[in-house]
Amino acid sequence: MRIDILSPLPHLLKAPFSTSILAKAIEKKIIEIHIHDLRDYTKSDKKQIDDYSYGGGGGMVLMIEPIARCINKLQSSRDYDSVIFMTPEGKKLTQNICNQLSQEKNIIILCGRYEGIDQRIRDIFINKEISIGDYVLTGGELPALVLCDCIIRLLPGSMSNSSCALSDSFQDNLLAPPIYTRPCNYHGHKVPDVLLSGNNKKISEWRDEQSYVKTKKNRPDLLEK
Ligand code: SAM
């Protein structure tokens with residue numbers, strides 16, 4: 001898989017790809033990440049990529065041309081399955097969306113900033129708008145990283161035990177059960193006996209039950225799905 005991320009502040013995107021599972025996935029060539037600085041696509045001497053909003057209003061708006069130039073260049077080299085704009089106005093990100101995106105080959109992710117981007121970019125190029133939640137951040141870089149992280153950990157080979165991803169919260173509309181490691185007794189707080197029993201059937205039943213109890217308590221809405 002290849003992901004191209006377009007941003008006005010590309011340095012914000014670098015660190016998470018240089019460590020842990022994401023870095024290993026890049027090293028193993030499971031994923032290619034290409035980060036593009038929108039300022040490299042402006043013809044303005046001052047590297048301007050934003051301008052005032054027509055009709056007035058407080059914030060600046062990312063201009064069409066630099067974004068269009070960058071997307072056109074990428075699309076002239078290969079087909080993209082998704083051209084995603086990260087926006088609080090988008091569809092809320094879910095595990096299901098991540099599962100679907102993890103099946104795709106080439107993805108473009110556009111990060112907004114300031115008041116957002118010129119609507120015509122959305123009309124012409126964007127085929128998915130994704131929000132990471134009902135709150136507003138200063139820019140789309142953190143949301144883009146959230147999206148990339150969720151997708152990359154699902155790619156076969158990126159995690160040493162890929163079955164882990166299947167037992168994560170949300171994969172079956174249930175939250176994950178409690179987990180424990182050594183010591184088995186911490187100042188009287190003991191690991192449940194069943195997990196030490198070696199009886200896989202009972203362990204699995206206990207985990208299913210705990211998942212259900214936790215979901216009912218914390219996220220009853222998931223059980224309605
Ligand atoms: N004026 C916009 C609005 O009210 O919807 C918010 C603009 S926000 C300050 C700047 C950029 O941050 C957005 O264009 C978007 O790319 C990104 N952003 C902020 N919150 C986000 C969220 N919850 N999910 C995804 N992207 C977000």
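Ligands are counted one by one from 1 in listed order, and the atoms in each one are counted from 1 as well.
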side-chain hydrogen bond (donor to acceptor under 3.5 Å, both in side chains): which pairs involve residues 17-33, sequence neighbours left out?
Glu32-His34
Quick one: do Arg69 and Glu65 satisfy salt bridge (charged side-chain N to carboxylate O under 4.0 Å, His left out)? Show the steps, please.
CA-CA 6 Å; Arg69 251 178 234 123; Glu65 289 97 334; 5.6 Å; no
What residues form a side chain to side chain donor-acceptor pair (under 3.5 Å) with Arg207, not counting sequence neighbours?
none
Parallel, tilted or perpendicular, judged at 30° and 60°: which one describes the rings of Tyr180 and Trp206?
tilted
Just to be sure I understand the cut-off, which residues have at least one non-hydrogen atom under 4.0 angstrom from an atom of ligand 1?
Phe85, Met86, Thr87, Pro88, Glu89, Gly112, Arg113, Tyr114, Glu115, Gly116, Ile130, Ser131, Ile132, Gly133, Tyr135, Val136, Leu137, Thr138, Gly139, Gly140, Pro143
Please identify each residue that fulfils side chain to side chain donor-acceptor pair (under 3.5 Å) with Arg182, with sequence neighbours left out.
none
Which atoms form the tightest heavy-atom contact between Arg153 and Cys150, and what is the distance?
CG-O, 3.5 Å
